[in-house]
Amino acid sequence: MSRTFYDIDPAGEVLCTYTESGEREALTAEKTEVPLPKAVLYAFLPAGFPHSVTEDYLAYQTYDSLQAFASSITSLLANRAVLEGLGVGDSSSSPTGALILKITGDTISRIATILFAHRMGRAIEPECKFYRFLADIFNDSAQFLDLLTPALPYLPKLGVIVSAGVLRSLCGVAANASKASLSAHFALTGNLAELNAKEASQETVVSLLGMLVGSLVVRLVEDKQLVWALMVLLAGVHLAMNYRAVCSVRMRSLNRQRATIVFRAWLDRGAVLTPADVARRESILWHSRGDLSSKSGDYRGFCDFCTYGDLRAWNPRGYHRYDFETPAYFMGIWHRGGYFYMRIAMKEGCHESRGPLAAWFDAVNHAYHFDSALKDGLQSHYENEMPLGYVSDEQKETLFAALTAAGWDLDINAVETRLPVRVRVGDGKKLLHVSEKDPLRPSGVHEPKHD
């Protein structure tokens, strides 16, 4: 009696077939022949593709490769302009002056890198699609500034080189951080490191092709007007491909904009949207800060998370203010005319991801019923135990369960874009800071009292 065994990869494809006959040690093996084009393609794709990555991986990588190809050509045109501006080929130019320009630009750009990473580092992951696209806007802007350097005198040239360096540093921070977040989204089987390695291989091949074509372009195109026209065309292709790339990504985390879209659909018609539905509706450049509106659209505003001190102290002139408290958070609402602001201060002890998401749902719900609440009197509306449109905690849990079933990952806190500060409600006693505590004193040991 003979039996057959197969070695298969994560995609289910047969790698090798073994046939075992009834005789002892009689085993024959036959490897599956892989066509050469397919073998070359596998060298640039994660093992187990397409089952080891999300469905949107291939579309994103395709557009990303096209935009990288266009960017490689524009980089060569911009670098030639920078070299001309630094005096390459001009015997009257000073090497020392060129070196000072280079050092000044690099110094300020590195300082900008530190400041931007400190200020915007936490906001990049929740808004990775926005920052991935913004990075290429920074990069193309820097390249257009590079084209100006040959025609400028020394001091204006210094300003342009410094500005271009700052834009490139912002591009580096935004691009690297957003790519890391996108890679984590694509990796499904703990293959993040391999996915990044394969992406580096893809970028290497695309950059080589871009450099080959770009070298030909640089050789043939010398006219300044033609260079500018070519730069505008290639930058347009670059941004268009990048925009298509980020639009194709179906993030599974609920940031402010995606959460607002999902919650509004549920409030409108009880629908539970999937990540693919939301990806077709969300905006890349707008509505990322937390824009909200009423059901009729007559009232618009935005919401943000803050500290308790900011919530109590912020009081813009001319606005009606309404404060209320729930077991999970404090909320303030300011209203004037057709505009409103909302601020939320989360309490200590709430769920680190679902607590802020539930608070954001309440903000969307308040905004949704804002025009109806004004007709009844906003103050009485919020003082009522169950205001118009009230959704109980049980209903929210049912909604969150449905969202999880639809493919959303609710364990990621993507609605807070800054350091998540929590409010601890005390009993009037002073709470010691960590710096005021003695780290050398054992727990439970107190100093003796002296009469």
Side-chain angles (χ1 to χ4, degrees), residues 54-56 59-60 62-64 66-67 120 122-141 170-171 174-175 177-179 181-182 185-186 235-269 271-305 338-342 356-357 360-361 363-365 367-368 370 403 406-410 412-418:
T54 56
E55 295 179 357
D56 49 357
Y60 174 82
T62 301
Y63 289 120
D64 189 59
L66 292 174
Q67 66 89 17
M120 303 302 297
R122 184 174 173 82
I124 294 177
E125 184 171 1
E127 304 293 341
C128 61
K129 296 172 70 172
F130 166 75
Y131 282 99
R132 180 66 191 91
F133 185 66
L134 183 65
D136 281 338
I137 294 178
F138 287 148
N139 182 68
D140 289 352
S141 300
L170 301 184
C171 168
S178 58
K179 281 184 178 181
S181 182
L182 289 172
H185 160 74
F186 293 133
V237 172
H238 176 225
L239 292 178
M241 292 299 101
N242 193 274
Y243 186 81
R244 293 293 299 272
V246 294
C247 284
S248 67
V249 178
R250 306 169 185 175
M251 297 298 294
R252 299 184 299 277
S253 61
L254 285 172
N255 64 1
R256 297 183 182 189
Q257 181 184 177
R258 291 190 287 271
T260 301
I261 293 173
V262 168
F263 294 154
R264 281 293 298 258
W266 188 80
L267 291 171
D268 278 332
R269 56 188 186 279
V272 177
L273 301 182
T274 64
D277 297 329
V278 175
R280 290 190 290 267
R281 301 185 185 190
E282 69 176 319
S283 171
I284 303 302
L285 291 176
W286 316 113
H287 309 304
S288 61
R289 68 171 184 168
D291 296 339
L292 305 175
S293 63
S294 64
K295 181 178 181 180
S296 65
D298 294 336
Y299 299 93
R300 296 185 178 275
F302 74 93
C303 181
D304 197 6
F305 291 89
Y339 207 78
F340 61 86
Y341 297 93
M342 294 186 188
L357 190 61
W360 190 263
F361 174 87
V364 173
N365 192 25
Y368 184 80
F370 207 78
L403 292 175
W408 294 102
D409 187 353
L410 304 188
I412 300 176
N413 181 8
V415 293
E416 291 183 281
T417 57
R418 291 190 293 268

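Every value quoted in this text rests on a predicted model; they were computed, and no experiment measured them.
Inter-residue side-chain proximity for C128 and M251 is flagged as met; some heavy-atom pair is nearer than 4.5 Å. Residues F305 and T417 fail the side-chain proximity criterion, which asks for heavy atoms closer than 4.5 Å. Using a 4.5 Å heavy-atom cutoff, the side chains of V246 and F130 are not in contact. Residues L403 and F263 have side chains in contact (heavy-atom distance under 4.5 Å, counting atoms from C-beta outward). No side-chain heavy atom of I124 sits under 4.5 Å from any side-chain heavy atom of S181.
Put simply, the side chain of W408 gets close to the backbone of L273: a donor and an acceptor are under 3.5 Å apart. For S294 (side chain) and Y299 (main-chain N/O), a donor-acceptor pair under 3.5 Å exists by modelled atom type. Remark: the backbone N or O of P126 is paired with a side-chain donor or acceptor of N255 at under 3.5 angstrom. Judged by distance alone, with hydrogens and angles left aside, the side-chain atoms of R258 form a donor-acceptor pair with the main-chain N or O of S253 at under 3.5 Å. Under the 3.5 Å distance criterion, the side-chain polar atoms of Q257 are matched with a main-chain donor or acceptor of S283.
Across all non-hydrogen atoms, the minimal contact from R256 to W360 is O-NE1, 3.6 Å. Summarising the geometry of L267 relative to F361, their closest heavy-atom pair is CD2-CZ, 4.3 Å, with the distance given to 0.1 Å. For the residue pair A363 and L292, the shortest heavy atom distance occurs at O-CD1, 3.9 Å. For the pair S293 and R300, the tightest heavy-atom approach, listed with the atom from each and the gap, is CB-NH1, 3.7 Å. Residue D56 comes nearest to S248 through the heavy atom pair CB-O, 3.3 Å, listed as atom of the first residue, atom of the second, then distance. Between A245 and Y60, the shortest heavy-atom contact is O-CD1, 3.3 Å.
More than 12 heavy-atom neighbours from other residues, nucleotides or ligands sit within 6.0 angstrom of CZ on R252. Residue-environment remark: NZ (K295) stays at or below the threshold of 12 foreign heavy atoms within 6.0 Å. Around atom CD of E282, more than 12 heavy atoms belonging to other residues, nucleotides or ligands sit under 6.0 Å away.
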Show, in sequence, the C-alpha distance, side-chain angles and deciding distance for L170 and M120, and conclude whether the side-chain contact (heavy atoms from CB on, under 4.5 Å) test is met. CA-CA 10 Å; L170 301 184; M120 303 302 297; over 6 Å; no

Just do the side-chain contact (heavy atoms from CB on, under 4.5 Å) check on V262 and V278 with the steps written out, would you? CA-CA 7 Å; V262 168; V278 175; 3.6 Å; yes

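Expressed to the nearest 0.5 Å, how far CG of N242 lies from CG of L134 amounts to 10.5 Å. Note that NE2 of H238 and CG of L66 are 11.0 Å apart. Values are rounded to the nearest 0.5 Å. To the nearest 0.5 Å, atom CD of residue E55 and atom CZ of residue F186 are 12.0 Å apart.
For the residue pair T274 / R250, no side-chain donor-acceptor distance below 3.5 Å is found, with atom types taken as modelled.
Listed by chain and number, the residues in a ring-ring contact (aromatic ring centres under 6.0 Å, His included) with Y341 are F302, W314, Y319, Y339 (sequence neighbours excluded). Applying the side chain to side chain donor-acceptor pair (under 3.5 Å) rule to D298 yields the partners S296; only residues at least two apart in sequence or on another chain are considered.
Under the salt bridge (Lys or Arg N to Asp or Glu O under 4.0 Å) rule, D64 has a single partner from R132, R244, K179, which is R132.
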